[in-house]
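First the structure, in the form of structure tokens, and then the observations on it.
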Amino acid sequence: MSDTTLTPKGPSMMGTVLRSLEVRMLGLALLLAVVLSFASPFFLTERNIFNILDQSVVIGIVAVGMTFVILTGGIDLSVGAVFGLTGIILAQALQVMPIPLAIPLGILAGAGIGLFSGVLIAVFGLAPFVVTLGVMAIGRSLSFIFSGQRSISGLPPELDAIVYTTFFGVPVNVLFLIGLYLVTWGYLTYTKGGRTIYAIGSNFEAARAAGLSTMYYSIMPYVVSGALAAVAVTFSLAQIMSADPLAGNQLELDAIAAVVIGGASLYGGRGSIIGTLLGVLIMVMIRNGLNLMGVSPFWQGTAIGSIIILALLAERLINWRSSRS
Amino acid sequence: MMQSPSQSGTFVRAEPLLMARGVSKHFGKTRALVDASLTLRPGEVTGLLGANGAGKSTLSRIVSGHIQPTGGALEFDGGPLALSSTRDALRQGIALVAQETSLAPDLSVLENIFLPNLATPGRLSFRNMRARATDLLAGLGHEHVLPLDAEVRTLSAAQRQLVEIAKALALDARLVIFDEPTASLSTTEVDGLFDIMDRLRESGRALAFVSHRLEEVFAITDRVTILREGQVVAEDVATSSLTQGDIIQHMVGRDIGAIYSERNVAPDAVGDTVFEVRGLKAAPWVRDMSFSVRAGEILGLGGLVGAGRSEAMEAIWGLRTKQAGEVLVKGQPVSLRKPADAVRAGIGFVAEDRRAQNIVPDLSVRENLLLAQMGQHRSFWRGYGRRAEKVAALVAELGLPADRLDTSLLNYSGGMQQKIIIARWLLTEPDILILDEPTKGVDIGTRSSIYRILQRAADAGLAVIVISSDFEELLGLAERIVVVSDGVTIADLPAARLTEEKLTLLAAPRSSTQRNQLLLQDITQAHGGDAFWTLLDGDETICLAQAGQALSGLQPGQAAVAQQTSIPQAIRARAAAFVVEVDGRASLLTQMTDRRGHDLGWIGLTLPAGIPVPDPAEIRTRIQNLAQTEDAHV
């Protein structure tokens, strides 16, 4: 036809941008690894690598839920508090029932809290920021009440099996993390639900007008986020064998930071689970490296904050340049 | 260079107030405007014409400081002009009265008129403002019709425009650009606007009038500048030296008939009714709408902007709550509570606002194409692979770039985006396709290819419903037109019976035709019988309103030829006196024309046989007086 008026605006194609963003993040992660291995001779040891993976489990699991939420254009500030509260619920449940019952109960509790937030946000149209801020306050408060303001220890020793069992030398919690990212990648890429989540975050009205189930997929990410916070605390409890009402304090900030470093847009519709994984690894590596170098933990916040801002700034400058050329 | 005396040689035209030379504007690689020139003089109305997407809005937005040009120079009042914002432009005395008004709906009329003053330092004196506002409105001839304390959200479209104009004058604007100001106005409201524009012209202001309605261009402009595909094709030409044909030629650059390829529908090619809406109500916009469409038919839904057409479709589509009404698909009542229900019932819907309602910017072209099919099927998986062949076939058929399906949709022109959105729905293989303003912001080449796509789809048995405010488009594309006014379907007529003028009269808001309805009631009260308001064209009638007994055989919203009515003699004669039919009923028909000479249709009175007829002169005078008086609202 004669009327194919094709007017490309810039050289960047969306697919290439996403891919190249992930490539850049991978580059940043590798660069960080090289720098840190020079800074500390212990960094690149097998033992420390497993350490990094182990330290990635909790934030990595929570960041998956946060990715779902942020892709729809929402935010979940309550994950830290849900982590703390479901930890207390799980610890109390373990006092009275066997492990195979207590763990699903804890996860169900996390999912229930997520459902509560999701319904308020999607059905009643409240702002995600405000709803999850409220749930955060309630969650933290309830975890103090349910715990009697103290840590709960005396958990059944068999619980540590979910962390210290290994397959081919890899601990089961790390295997779970890898499996979770694989499944999530498949879900977000190949299923109607996954594509709907992207479409909702990119243009809610268009997704709705096209007949997609916008209501369901606006609630579901919060349920996933709440449930995964409970899964994360299960692994954490098995490791430290005690539940603290303050556990997971500021975990939401780490999770949001990982997702954002991974290239997701807080407006929704843009981001990927691979990016999130790289974001998690970058954050954990920085912390790990600073610890190895003996830097005071009080400086770590400054270091991580600066890297988040620098990564975003670099990304914005690259985008500006490519859109101008 | 342009101060040469006018052809009559009796007076010298004023120096240009604004000159634009070599102005261009690029959005990325899209060239919206190339080397455009514009000259505006005090005391003149210059028409800025062009088809959708020709660049007339871009040019007026550059002159009013909304956007900055990529290249070129502006000159204002003899000096160079550089505008970095609308504020700059307002300070210079350049104001834009936009299609969608820039008023704050929660503030009062008074506050809106002086809105730009809120940005200036110092205290505001409401008493001074009130006095000035009254003066300004008096200068426009509207001092008592606009309550200064009313919230703007409660005003009609025409009243809002008046506020917008007063706002421009409050800043002592010397140059006022009207960007498609008549799109949502009735005929009488348009006349009111033109009166105001006349006054502004006489006061020595320079006016630009952006429009694509040719009738209006001839009614109000002194000169025209015509754009096509971003370029000026006729600059600063006297309107009186042009014919409608000339202007169309310039705007289109080819024969107008070529845009709407004639579709020959054999009467038996059109199938059964596949979609029917009965008594739809979705307050406040949709009050009572009924229409139906058959397989293989293109139905036009015409009316003014704000008549409730889009809202009706959104209610059908489950995007708005409806209070009443029935929707039938293939004769079966269906309950469409959410868009997914409608998609699965075999309906497709290209919503009006492409950016807000159709495009998913972060998904690729392919994913955008496949979006609605995902809403349609119930599988867990996204189902792209299974539909790959269908996508490939459709892409080839519609001339979409097959090798660039995985790039961003935002890289394409508005027209190409629109084709992709239409393809999105064709991919679901619907029985009914509803399109709301499908060629808004689309270049003329793509427009005609969109028409061809729709016609081909209809030939294959699809029932198509097209909503458009562009009457020419409706007449060119649709076989049948349902006219909507104030949320009510008021006429259902074959397109062949209609013209743009008739559609304009039919589509006028009920509020502005209330006067005529009252007149009809008055007449029947005084004389009895059947009073009606109808359009006449040769032997054909289209009745707009009726009151009293049913004697004439004319029914509102219906078309009929003379011999189908009960008063064929009177319709053919159009005499100044009562004409008596064979069966004895007597009828008088009187034409109404407004002060500008527009045909407003005919008022008729039919009396039963055997009663004495009143004095025709008296009735005629009464009707003509009413037609000539100023309408109460604007």
Side-chain angles (χ1 to χ4, degrees), chain A residues 1-19 21 70-73 186-217 263-265 267-272 319 322-325, chain B residues 27-31 314 317-319 338-344 349 351 353 355-364 367-368 370-384 398-401 404 406-413 415-416 424-425 428 443 445-449:
Chain A
M1 267 184 202
S2 60
D3 46 48
T4 47
T5 33
L6 237 174
T7 47
K9 276 183 191 152
S12 62
M13 305 174 181
M14 187 51 69
T16 335
V17 166
L18 283 182
R19 249 173 280 133
L21 174 80
I70 286 180
L71 280 177
T72 62
Y187 181 79
L188 286 179
T189 314
Y190 290 112
T191 71
K192 183 156 93 176
R195 301 324 292 167
T196 303
I197 284 171
Y198 275 92
I200 286 174
S202 187
N203 186 344
F204 183 89
E205 285 307 318
R208 193 157 80 114
L212 300 176
S213 312
T214 45
M215 181 70 82
Y216 178 84
Y217 289 105
S265 157
Y267 297 108
R270 210 176 299 174
S272 78
N319 281 344
S322 64
S323 68
R324 274 184 196 173
S325 62
Chain B
F27 296 104
K29 283 183 184 165
T30 311
R31 304 205 289 174
E314 288 177 6
W317 199 247
L319 293 172
K338 54 182 195 297
D341 297 338
V343 177
R344 286 171 187 158
F349 178 46
D353 191 329
R355 210 163 261 278
Q357 295 177 288
N358 293 327
I359 287 176
V360 182
D362 294 309
L363 298 187
S364 66
E367 293 217 75
N368 267 287
L370 286 155
L371 200 69
Q373 66 82 26
M374 261 204 320
Q376 188 183 33
H377 72 64
R378 289 171 190 274
S379 152
F380 172 76
W381 303 101
R382 62 183 189 180
Y384 289 180
L398 301 188
L400 306 176
R404 307 190 51 206
D406 293 308
T407 61
S408 169
L409 190 60
L410 301 180
N411 290 343
Y412 296 92
S413 69
M416 187 55 92
R424 167 193 289 176
W425 289 105
T428 68
D443 60 278
T446 314
R447 258 174 81 178
S448 69
S449 87

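Hydrogens, waters and symmetry mates play no part in the numbers below; they use all other heavy atoms, side chains included.
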**Request:** Check for a donor-acceptor pair, side chain of A:N203 on one end and backbone N or O of B:I359 on the other, with a separation under 3.5 Å.
**Result:** yes

If you tally heavy-atom pairs under 4.5 Å between each of A:A207, A:A199, A:G268, A:S265 and chain B, the highest tally belongs to A:A199

Under 4.5 Å to a heavy atom of chain A? For B:T428 that would be neither

Exercise. Is the number of heavy atoms from other residues, nucleotides or ligands under 6.0 Å of B:F380 CZ greater than 12?
Worked result: yes

Heavy-atom nearest pair, A:A210 first then B:L371, reads CB-CD2, 3.7 Å

Non-hydrogen side-chain atoms of A:Y198 and B:E367 separated by less than 4.5 Å = no

If you tally heavy-atom pairs under 4.5 Å between each of A:S213, A:A209, A:G269 and chain B, the highest tally belongs to A:A209

Looking only at heavy atoms, the pair that brings B:V360 and A:A206 closest together is CG2-CB, 3.9 Å

d(A:L212 CG, B:M374 CE) to nearest 0.5 Å is 5.0 Å

B:L363 side chain reached by A:R195 side chain, heavy atoms, under 4.5 Å
yes

Under 4.5 Å to a heavy atom of chain A? For B:A351 that would be neither

Distance col, row A:K192:NZ vs B:R378:CZ, nearest 0.5 angstrom, shows 8.0 Å

Honestly, the part of A:Y187 sitting under 4.5 Å from a heavy atom of chain B is side chain

Bottom line for A:T189: the part with an atom under 4.5 Å from chain B's heavy atoms is both

